2 protein chains.
Amino acid sequence: MLAKIGDKWSILTIMMLSDGTKRFSELQRGIDGVSQRMLTLTLRGLERDGLVTREVFPTIPPRVEYTLTPLGRSLQVPVIALGQWVTANLPELEAARRRFDAAAEEA
Amino acid sequence: MLAKIGDKWSILTIMMLSDGTKRFSELQRGIDGVSQRMLTLTLRGLERDGLVTREVFPTIPPRVEYTLTPLGRSLQVPVIALGQWVTANLPELEAARRRFDAAAEEA
DNA sequence: CTGCATCCTTGAGGATACTG
DNA sequence: CAGTATCCTCAAGGATGCAG
């Protein structure tokens with residue numbers, strides 16, 4: 001269940017929604033590599049946990065908007081902190097990885 | 001790759017190591033439900049990313065200690081924040097889930 | 001456009017047994 | 001004690017097609 005919140009798509013979705021309400025297709029375009037199926041499942045899960053609201057506009061073509069709830073916005077704080085840490089330390093991580101793999105090369 | 005850092009076992013391992021160096025068996029006992037295999041893999045991954053150091057004492061029986069690196073300790077900050085958020089909001093999440101599932105019960 | 005349903009593949013991860 | 005190796009299962013997740 002922590003797994004749900006900690007997982008890749010959930011994090012990316014929450015980050016996407018950080019700067020405001022988004023439509024389904026916007027999310028799909030914005031989240032790199034997510035399939036329609038996984039985006040749907042992720043959004044359902046977040047909705048179930050009370051982290052996002054889903055608002056349907058019965059127009060043609062249909063329009064569905066997703067927004068972070070207050071609870072979702074509070075989660076967004078630590079999630080973004082984590083995201084920023086990763087971004088900031090990516091070079092460091094990759095360097096460490098190269099070092100490690102090079103050392104393991106003593107075959 | 002974010003996946004690695006965000007994943008369940010990594011988070012729990014980092015939290016375990018937050019209060020200092022730990023032996024392999026201590027970690028296994030402390031992290032609920034982790035298999036020996038997964039703990040090994042998780043620790044290798046963290047070591048590879050330069051987040052923990054592994055120190056082997058060639059005694060009998062062998063003794064291996066794991067410690068967070070400075071980089072690991074800096075990651076520990078947002079990770080713990082996330083963990084605390086989950087702990088603090090668990091009741092809220094469960095309530096939302098019950099509401100959602102009850103609403104879906106209109107079959 | 002926004003989904004749901006179905007099929008199928010892949011890999012995460014558990015169980016178990018063996019080694020230094 | 002601290003792994004490594006192997007096998008096996010199950011569910012995450014991609015691809016595709018259909019529907020409102």
Side-chain angles (χ1 to χ4, degrees), chain A residues 1-14 16-17 20-49 52-68 100-101 103-107, chain B residues 1-14 16-17 20-49 52-68 100-101 103-107:
Chain A
M1 165 244 53
L2 201 172
K4 180 84 102 355
I5 284 178
D7 100 323
K8 187 179 168 187
W9 299 135
S10 298
I11 289 187
L12 293 175
T13 302
I14 290 172
M16 277 295 293
L17 290 176
T21 298
K22 291 265 184 306
R23 301 185 53 173
F24 186 89
S25 49
E26 289 181 287
L27 290 171
Q28 187 167 16
R29 261 177 285 117
I31 302 175
D32 185 65
V34 73
S35 65
Q36 187 188 50
R37 182 185 133 86
M38 286 320 294
L39 182 55
T40 300
L41 289 180
T42 301
L43 287 168
R44 283 289 172 284
L46 294 176
E47 188 191 0
R48 189 164 106 103
D49 284 344
V52 307
T53 54
R54 175 173 183 271
E55 192 174 8
V56 181
F57 299 85
T59 58
I60 296 190
R63 173 190 186 82
V64 183
E65 293 187 344
Y66 294 91
T67 312
L68 286 181
F100 186 88
D101 292 349
E105 208 55 31
E106 263 79 286
Chain B
M1 165 245 54
L2 203 172
K4 178 84 100 1
I5 283 178
D7 102 322
K8 188 181 170 187
W9 297 136
S10 297
I11 288 186
L12 294 174
T13 301
I14 289 172
M16 277 295 292
L17 290 177
T21 298
K22 292 266 184 304
R23 302 185 51 172
F24 186 91
S25 51
E26 290 182 285
L27 289 171
Q28 187 166 17
R29 261 177 284 114
I31 302 175
D32 185 64
V34 75
S35 65
Q36 189 188 45
R37 181 186 132 86
M38 285 321 293
L39 182 54
T40 300
L41 290 179
T42 301
L43 287 168
R44 284 290 174 284
L46 294 176
E47 188 191 0
R48 188 165 107 104
D49 284 344
V52 307
T53 55
R54 176 172 182 271
E55 192 174 8
V56 182
F57 299 84
T59 58
I60 297 192
R63 173 189 187 83
V64 182
E65 294 187 344
Y66 293 91
T67 312
L68 286 181
F100 186 89
D101 293 348
E105 209 55 32
E106 263 80 284

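The basis for the numbers below is simple: all heavy atoms, side chains too, and nothing from hydrogens, waters or symmetry mates. For clarity, every value in this text was computed on a predicted model and none was experimentally measured. Proteins get letters first, then strands, A, B, ... in listed order; numbering begins at 1 in each.
- In this structure, B:Arg54 does not reach the D:dA2 phosphate: none of its side-chain N or O atoms is under 4.0 Å from OP1 or OP2.
- For C:dT2, neither phosphate oxygen OP1 nor OP2 lies less than 4.0 angstrom from any side-chain nitrogen or oxygen of A:Thr40.
- For the atom pair CZ (A:Arg37) and OG1 (A:Thr42), the distance works out to 10.0 Å, reported to the nearest 0.5 Å.
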Check residues 22-36 of chain B and write down every donor-acceptor pair under 3.5 Å in which the side-chain atom is one partner and the other belongs to a residue at least two apart or another chain.
unit_1: B:Lys22; atom_1: NZ; unit_2: B:Asp19; atom_2: OD2; d: 3.2
unit_1: B:Glu26; atom_1: OE1; unit_2: B:Arg23; atom_2: N; d: 2.7
unit_1: B:Ser35; atom_1: OG; unit_2: B:Met38; atom_2: N; d: 3.2

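- Residue B:Arg23 has no polar side-chain atom (N or O) positioned under 4.0 Å from OP1 or OP2 of D:dC1.
- Atom CZ in B:Arg44 sits roughly 10 Å away from atom C1' in D:dT4 (whole-Å rounding).
- Rounded to whole angstrom, the span from the CD atom of B:Gln28 across to the C1' atom of D:dA2 amounts to 9 Å.
- A straight line from CG of B:Leu27 to P of D:dG3 spans 10 Å, rounded to a whole angstrom.
- The residue B:Tyr66 sits close only to the backbone: its heavy atoms come under 4.0 Å of sugar-phosphate atoms, none of a base.
- Rounded to whole Å, the distance from CD1 on A:Ile60 to P on C:dC1 is 14 Å.
- In this structure, of C:dG13, C:dT2, D:dA2, it is C:dT2 that holds the atom nearest to the side chain of A:Val64.
- A straight line from CG of A:Leu39 to P of D:dA12 spans 17 Å, rounded to a whole angstrom.
- Side chains of A:Arg48 and B:Asp101 form a contact here, defined as non-hydrogen atoms less than 4.5 Å apart.
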In 5'-to-3' order, the base (B), backbone-only (S) or no-contact (-) status of each nucleotide in nucleotides 15-20 of chain C, using a 4.0 angstrom heavy-atom cut-off, is B-B--B
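- Counting to the nearest Å, the P atom of C:dG11 and the NZ atom of A:Lys8 are 13 Å from each other.
- Shown here are the salt bridge (charged side-chain N to carboxylate O under 4.0 Å, His left out) partners of A:Arg54, two or more places apart in sequence or in another chain: there are none.
- Rounded to 10 degrees, the angle separating the terminal helix axes of the helix from C:dC1-D:dG20 to C:dG20-D:dC1, each built from five base pairs, is 50°.
- Taking atom CD on B:Glu65 and atom P on D:dA2, their separation rounds to 9 Å, with Å as the unit.
- A search for side chain to side chain donor-acceptor pair (under 3.5 Å) contacts involving B:Arg63 returns B:Glu65, not counting sequence neighbours.
- Place B:Leu43 and A:Gly33 on DNA chain D by their nearest nucleotides, and B:Leu43 ends up nearer the 5' end.
- Side-chain contact between B:Leu46 and B:Ser10 is present, with heavy atoms from C-beta onward closer than 4.5 Å.
- With rounding to the nearest 0.5 Å, the separation of CE in B:Met16 from CG in B:Leu12 is 9.5 Å.
- Taking every heavy atom of both residues into account, A:Tyr66 and A:Arg44 meet most closely at OH-NH1, 3.9 Å.
- For the pair B:Glu26 CD and D:dC1 C1', the computed distance is 12 Å after rounding to whole Å.
- Applying the side chain to side chain donor-acceptor pair (under 3.5 Å) rule to A:Thr67 yields the partners A:Thr21; only residues at least two apart in sequence or on another chain are considered.
- Distance from the side chain of B:Phe24 is smallest for D:dA2 among the nucleotides D:dG13, C:dG3, D:dA2.
- Interatomic distance, CG of B:Leu39 versus CG of B:Leu43, reported as 4.5 Å (0.5 Å rounding).
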